[in-house]
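Working notes, beginning with the structure itself.
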Amino acid sequence: MPIQTQLSWSERIAETIVEQCDNDGYHAFPSERWAYVQGMTLMAMAQTGEQYGKDEYIDFMKRHMDLYIQKDGSIATYSLEEYNLDQINQGKNLFRLTEDAEDQRYEEAAHLLAAQLAGQPRTSEGGFWHKKIYPFQMWLDGLYMSSPFLAQYAKKFNRPELWDEVAHQILLVERKTRDPRTGLLYHGWDESKEQVWADSTTGCSAHFWSRAMGWYAMAIVDSIEHFPIHHPKRGTIIGIFERMCNALVRVQEQESGLWFQVLDQGFRKGNYLEASGSSMFVYALAKGVRLRYLEPQFKQAAEKGWQGLISRLVEETADGVKLNSICHGAGLSLDRDGSYSYYVSEQVVSDSFMGTAPLLLAALEMERLS
């Protein structure tokens, strides 16, 4: 009897995602609408299919996308007039689908999402509001949702001015949210300084939330990948990315290699080592090293983080790969005041795609790096 080759972590995680779904691969997703977590999960599945030559994972992505993309290129459950950056994220899967020259609806859907960004409400310096309902606010989360999509759209459809737009968004939010003492970035910034969570002088929220910085770190590596090497802001973006990664390594918990829910508060009461942000940092560090945006010494931090995830937060069970210690969700609003007690009081869950999808992305990058 032939010896079975052990599947990679990526394949095991992808198989678990498939198993968690019913026959049409749908019910386990967190919402029955076009949504950013679903979009990230589908993208990770398709990348696994490409990396390991498994078309069934790419088909998994396409089957889900086809639940939403209509014959005329409109998107079921999506409303452009929400002007919500979260709703751009699932559109990243469209670029792989546009390779089918016979089917124009994916290209039309991409144009629809780009039209949202063209009209997205902005701060006085041109920064995208996170959502229409959050006036004059930029959140780190929104950079991941929109910037890689727009950078790839610029490349796909020969719109070089959109690389300038992406660069402007990435650099502006860093300038507004970076703390010079720690080098870490605050979760959000309110230009109007009206929100309960906003500092009356800076407009920034009060703490460094791990997943927010994870979104931003992934936004940079996923956007710059699509930039031409001669773009005048490319080097600056790579430079601020390395500066930020140095700050992240300084707050990496040394024994576990993981990162805390509130990054700079260590083992303060209530704080914990959080899975989604840690996975995002491993992904961004590993991809940054592979693409030479980061110096080689950052590989050690990525490897340490990956080993921490596998040894501390991942379990292999009869049902597949289980991920623990995931912050279910966090935001900034009247009842989400950005305080330390708020971030550590949000529900902690297992097996949410909010954590599993970044874990799969991290696994793919670590396997490419090895």
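From a predicted model like this one, the values you see are computed outputs, not experimental measurements.
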I'd like to know if the side chain of S276 and the backbone of I326 have a donor-acceptor N/O pair within less than 3.5 Å. no
Below 4.0 angstrom, N of the basic side chain to O of the carboxylate: do K287 and E225 qualify? yes
Looking at Y340, I'd like to know if the NZ or CZ of R268 sits under 6.0 Å from its six-membered ring centre while staying within 45 degrees of the ring's axis. yes
Can you confirm whether or not the ring centre of Y186 sits under 6.0 Å from the ring centre of F208? yes
For the pair W139 and K131, evaluate side-chain contact (heavy atoms from CB on, under 4.5 Å) and give the outcome as yes or no after the intermediate values. CA-CA 9 Å; W139 296 13; K131 301 180 184 181; 5.8 Å; no
side-chain contact (heavy atoms from CB on, under 4.5 Å) assessment of T41 paired with T356: CA-CA 8 Å; T41 307; T356 306; over 6 Å; no
N-O pairing of E50 and R96 below 4.0 Å: yes
Quick test of your reading of the model: are D59 and R63 salt-bridged, counting only N-O distances below 4.0 Å? no
Report yes or no: do Q47 and Q51 form a side-chain donor-acceptor pair below 3.5 Å? no
We want to know whether S10 and E367 form a side-chain donor-acceptor pair, criterion being a heavy-atom distance below 3.5 angstrom. yes
R211 and E346 ion-paired at < 4.0 Å: no
Are side-chain N/O atoms of Q254 and K304 paired as donor and acceptor at under 3.5 Å? yes
Does the pair H207 and Y342 meet the rule for a ring-ring contact (aromatic ring centres under 6.0 Å, His included), with working shown? CA-CA 10 Å; H207 286 285; Y342 162 68; over 10 Å; no
Kindly indicate, with the supporting measurements, whether the criterion salt bridge (Lys or Arg N to Asp or Glu O under 4.0 Å) is fulfilled by E174 and R243. CA-CA 11 Å; E174 195 261 1; R243 179 173 69 168; 2.7 Å; yes
Verify the distance criterion only: is there a donor paired with an acceptor across the side chains of K156 and T98 at less than 3.5 Å? yes
For the ring pair (Phe, Tyr, Trp, His ring centres under 6.0 Å) test, which of F267, Y343, F281 pairs with F260? F267
side-chain hydrogen bond (donor to acceptor under 3.5 Å, both in side chains), that's the test. Do T317 and D319 meet it? Break it down for me. CA-CA 5 Å; T317 70; D319 296 323; 4.6 Å; no
Run D351 and Q20 through side-chain contact (heavy atoms from CB on, under 4.5 Å) and show every step you take. CA-CA 10 Å; D351 290 338; Q20 285 174 340; 4.2 Å; yes
Indicate yes or no for a side-chain donor-acceptor contact from N158 to the backbone of A154 under 3.5 Å, with no hydrogens or angles considered. no
Using only atom types and a distance under 3.5 Å, with no angle test, would you say the side chain of S205 pairs donor to acceptor with the backbone of G188? yes
To the closest 0.5 Å, what do you measure between CG (L171) and CG (L143)? 10.0 Å
Can you check whether D222's main-chain N or O pairs, donor with acceptor, with Q152's side chain at less than 3.5 Å? no
Using 30° and 60° as the class limits, which term best fits the ring planes of F136 and W129: parallel, tilted or perpendicular? tilted
Hey, does the side chain of R290 reach the backbone of E365 with a donor-acceptor pair shorter than 3.5 angstrom? no
Taking atom types as modelled and ignoring hydrogens, do the side chains of E82 and S79 form a donor-acceptor contact shorter than 3.5 angstrom? no
K92 meets the salt bridge (Lys or Arg N to Asp or Glu O under 4.0 Å) criterion, sequence neighbours left out, with none
Quick one: does Y57's side chain get under 4.5 Å of E15's, heavy atoms only? yes
Look up atom CG in L140 and atom NE2 in H130, then write down how far apart they are to the nearest 0.5 Å. 10.0 Å
Under 4.0 Å between a side-chain nitrogen and a carboxylate oxygen: does that hold for E161 and R159? yes
Under the 3.5 angstrom rule, does the side chain of D179 hit a backbone N or O of G183 as a donor-acceptor pair? no
So M65 and Q38, do their side chains get closer than 4.5 Å, heavy atoms only? no
Parallel, tilted or perpendicular: rings of F157 and F95 (30°, 60°): tilted
Decide yes or no on salt bridge (Lys or Arg N to Asp or Glu O under 4.0 Å) for K176 and E125, but give the supporting numbers first. CA-CA 11 Å; K176 296 298 184 181; E125 293 174 80; 2.8 Å; yes
Pair H328, V348 - check side-chain contact (heavy atoms from CB on, under 4.5 Å), show working. CA-CA 6 Å; H328 186 57; V348 181; over 6 Å; no
Are the side chain of Q261 and the backbone N or O of V344 linked by a donor-acceptor pair below 3.5 Å? no
Taking atom OG of S223 and atom CD1 of I170, what is their separation to the nearest 0.5 Å? 4.0 Å
Parallel, tilted or perpendicular for H187 and W209, by the 30°/60° rule? tilted
Quick one: do Y144 and I238 end up in the same hydrophobic cluster if we chain Ile, Leu, Val, Met, Phe, Trp and Tyr together by side-chain heavy atoms under 4.5 Å apart? yes
Atom CH2 of W197 and atom SG of C204: how far apart are they, to the nearest 0.5 Å? 8.0 Å
Without hydrogens or angle criteria, can the side chains of E253 and S256 be said to hold a donor-acceptor pair below 3.5 Å? yes
Side chains of Y134 and N84: any donor to acceptor distance under 3.5 Å? no
Heavy atoms, side chains only, cut-off 4.5 Å: are L332 and W189 in contact? no
4.5 Å side-chain heavy-atom contact, L184 and M213: yes
Just checking, is any N or O donor in the side chain of T182 or D264 under 3.5 Å from an acceptor N or O on the other one? no
Is there a donor-acceptor pair closer than 3.5 Å between any side-chain N or O of K193 and the backbone N or O of T201? yes
Compute whether any side-chain donor of one residue and acceptor of the other, for E191 and S124, lie under 3.5 angstrom apart. yes
Student check: side-chain heavy atoms of V18 and F60 closer than 4.5 Å: yes
Hey, would you say the Y153 and H226 ring centroids sit under 6.0 Å apart? no
For E303 and Q307, does a side-chain donor sit closer than 3.5 Å to a side-chain acceptor? no
Does G277 offer a backbone N or O that forms a donor-acceptor pair with the side chain of E274 under 3.5 Å? yes
Spacing of CG belonging to L112 relative to CD belonging to Q87, to within rounding of 0.5 Å: 11.5 Å
Answer yes if the side chains of S333 and D335 hold a donor-acceptor pair under 3.5 Å, and no otherwise. yes
F227 vs H231 aromatic rings, parallel, tilted or perpendicular, using cut-offs 30° and 60°? perpendicular
Please check this pair: side chain of S279 against backbone of A362, looking for a donor-acceptor N/O pair closer than 3.5 Å. no
